[in-house]
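Input: a single structure, listed below in structure tokens.
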Amino acid sequence: MKRVFSGVQPTGNIHIGNYLGALRQFVELQEENECIYCIVDMHSITVPQDPKELRKHILDVAALYMAVGVDPKKSIIFVQSDVSGHAELSWVLTCCSYTGELSRMTQFKDKSRGKESAPTGLFTYPILMAADILLYDTDIVPVGNDQKQHIEICRDIAIRVNHKYKNTFVVPDGRFLKAGARIMALDDPTSKMSKSAENIHSRISLLDEEGKIKKSIMRSTTDSDGEIRFDLEEKPGVSNLLNIYSAFSGESVDEIVVKYAGCGYGDFKKELATITQEALVPIKKNFNEIRQSEELKNILINGAERANTIAEKTMKRVKDNFGLGF
Ligand code: AQP
């Protein structure tokens, strides 16, 4: 059995990019692996958050994990700040990483662009993410494509530590899906779909109402040539919609292109809206039940206890190998 770890930031409502890139894998992997799924609240404060909203979003993300099919009987679900090992290991790894490698992270460059000075936490975000993963002797990390660089730096740090000290960490592998690995913003297909983008029509959140889903898809950016075909360079908007269609319908992009040959964008978008609306109906229904249930907080408390048992063992090994304490 392999150990799987991943997380989502409680920075807003989970969108179809998070779902198609990461959460769908969470559900699939829990059948044959030991899975640990975290709500990474400490990552979310790398940019300012409203405390009340943050607490609400933490429970929303927990409920959404379960609404899409993560089963707390099979997987551990917990909140990052409930297990102190994440912060502790993060400091140790900070001492084993270099400003040069952190400066190359595209997510940091994107999020700090145009600012004279950026929060230090934004800069060291990949180290906290490495700590999350290495704390649980993780074999597999299911994530979207945008996290490839962060998985690489995590592997580099683990290999570096293992080389310098005794074999301390399991070196993890990222797991990226073909369909859905990188869903782009509907209003700008050159940027990835994001929870915190200002324009709500740039994304489809899993809890969006049907009217909003249709509106966002119908007004999505395409091009003026009118042909439905996959071409990331020339037609990024249409290609993104084809990817979403394929991920929800299970049909290949080639099949969809053949199906819509000679059709206009309007018909294609209308059908994509219907497919997306239908896929989200059961998720919304499950969410409403789970979010109101008394059980939700108990699941997180129990999850944190189970996660902590594993984390403490790793931290003991880290301290022994580094010579910390006496
Ligand atoms: N657009 C995307 N397409 C495919 N996968 C995506 N993921 C995020 N955006 C896309 C994957 O979702 C998981 C959780 O992401 P996160 O919440 O930890 O942070 P993020 O990548 O920064 O996501 P957002 O939505 O863009 O949040 P904000 O706006 O707060 O920064 C990860 O596995 C990620 O790869």
Side-chain angles (χ1 to χ4, degrees), residues 8 11-25 27-28 60 64 67-69 110 144-146 176-288:
V8 173
T11 41
N13 280 329
I14 291 180
H15 53 72
I16 57 170
N18 303 132
Y19 175 61
L20 298 173
L23 265 81
R24 274 202 320 186
Q25 302 195 65
V27 179
E28 187 195 320
D60 286 349
L64 271 168
V68 301
D110 287 347
N145 249 343
D146 60 307
F176 312 95
L177 289 179
K178 274 203 186 110
R182 196 178 187 86
I183 302 296
M184 308 310 280
L186 297 176
D187 61 339
D188 171 15
T190 58
S191 328
K192 73 163 190 151
M193 189 175 281
S194 168
K195 288 186 227 91
S196 50
E198 249 171 59
N199 180 6
I200 57 162
H201 292 294
S202 67
R203 61 182 166 267
I204 293 171
S205 298
L206 298 188
L207 301 176
D208 274 351
E209 286 169 6
E210 302 211 328
K212 152 72 178 60
I213 296 174
K214 188 164 182 192
K215 202 168 177 185
S216 300
I217 291 179
M218 294 310 291
R219 63 199 283 176
S220 61
T221 302
T222 47
D223 51 62
S224 55
D225 106 339
E227 194 190 343
I228 298 171
R229 68 185 157 84
F230 193 86
D231 181 341
L232 282 177
E233 287 292 311
E234 299 292 323
K235 298 169 73 68
V238 174
S239 303
N240 187 38
L241 298 182
L242 281 166
N243 268 336
I244 298 171
Y245 196 120
S246 169
F248 276 126
S249 69
E251 292 167 62
S252 72
V253 166
D254 289 345
E255 285 167 342
I256 302 162
V257 168
V258 170
K259 189 158 119 186
Y260 287 97
C263 293
Y265 290 162
D267 290 337
F268 171 60
K269 284 180 173 180
K270 254 187 225 157
E271 289 187 35
L272 173 60
T274 306
I275 287 177
T276 309
Q277 286 163 340
E278 282 169 3
L280 302 188
V281 168
I283 296 175
K284 282 188 267 192
K285 183 175 169 288
N286 293 343
F287 173 83
N288 288 330

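All values reported here derive from a predicted model rather than from experimental measurement.
Every salt bridge (charged side-chain N to carboxylate O under 4.0 Å, His left out) that Arg229 has, sequence neighbours left out, goes to Asp225, Glu227, Asp231. Considering only residues two or more places apart in sequence or on other chains, Asn13 meets the side chain to side chain contact (heavy atoms under 4.5 Å, CB included) condition with Asp60, Ser205, Leu207. Not counting sequence neighbours, the partners of Glu28 by the salt bridge (charged side-chain N to carboxylate O under 4.0 Å, His left out) test are Arg175. With sequence neighbours excluded, no residue forms a side-chain hydrogen bond (donor to acceptor under 3.5 Å, both in side chains) with Asn288. Residues meeting the side-chain hydrogen bond (donor to acceptor under 3.5 Å, both in side chains) test with Lys284, sequence neighbours left out: none. The side chain to side chain contact (heavy atoms under 4.5 Å, CB included) check on Val257 picks up Leu242, Val253, with sequence neighbours excluded. Every residue meeting the side-chain hydrogen bond (donor to acceptor under 3.5 Å, both in side chains) condition with Asn18, not counting sequence neighbours, appears here in chain and number order: His15. A search for side-chain hydrogen bond (donor to acceptor under 3.5 Å, both in side chains) contacts involving Asn199 returns Asp187, not counting sequence neighbours. Among residues two or more places apart in sequence or in another chain, the salt bridge (charged side-chain N to carboxylate O under 4.0 Å, His left out) test is passed with Asp208 by Lys212.
Nearest heavy-atom pair, Ser216 versus Ile200, reported as atom, atom and distance to 0.1 Å: OG-O, 4.3 Å. Residues Ile256 and Ser249 approach most closely at CD1-OG, 4.3 Å, considering heavy atoms. Heavy atoms only, all atoms of each residue included: Gly226 and Asp223 are closest at N-OD1, 3.7 Å.
Looking only at distances, no side-chain donor or acceptor of Arg203 sits under 3.5 Å from a matching main-chain atom of Met193. No donor-acceptor distance shorter than 3.5 angstrom exists from the side chain of Arg24 to the backbone of Leu177, with no hydrogens or angles considered.
Sorted by first and then second residue, the ring pair (Phe, Tyr, Trp, His ring centres under 6.0 Å) pairs with a member in residues 187-215 form an empty list; sequence neighbours excluded. Residues in residues 246-263 take part in these salt bridge (Lys or Arg N to Asp or Glu O under 4.0 Å) pairs, two or more places apart or across chains: Glu251-Lys259. Within the structure, side-chain hydrogen bond (donor to acceptor under 3.5 Å, both in side chains) contacts touching residues 266-278 (residues at least two apart or in different chains) are Tyr260-Glu271.
The distance from atom CG of Asp146 to atom CG of Asp110, rounded to the nearest 0.5 Å, is 10.0 Å. Going from atom CG of Asn243 over to atom CZ of Arg182 covers 11.5 Å, rounded to the nearest 0.5 Å. Asn240 CG to Ser220 OG: the interatomic distance, rounded to the nearest 0.5 Å, is 8.0 Å. Rounding to the nearest 0.5 angstrom, the gap separating the OG atom in Ser194 from the CG atom in Asp188 is 11.5 Å. Rounding to the nearest 0.5 angstrom, the gap separating the CG atom in Leu232 from the CE atom in Met184 is 8.5 Å.
Heavy atoms of other residues, nucleotides or ligands lying less than 6.0 angstrom from NZ of Lys214 number 12 at most. More than 12 non-hydrogen atoms from other residues, nucleotides or ligands lie less than 6.0 angstrom from NZ of Lys195.
Taking the side chain as every heavy atom from C-beta outward, Tyr19 and Leu64 never approach each other to under 4.5 Å. In this structure, Ile16 and Phe248 have side chains that are in contact, with non-hydrogen atoms separated by less than 4.5 Å. At a threshold of 4.5 Å between non-hydrogen side-chain atoms, the residues Ile204 and Ile183 do not count as touching.
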- Item | side-chain contact (heavy atoms from CB on, under 4.5 Å) between Glu210 and Val281, intermediate numbers included | CA-CA 9 Å; Glu210 302 211 328; Val281 168; 3.7 Å; yes
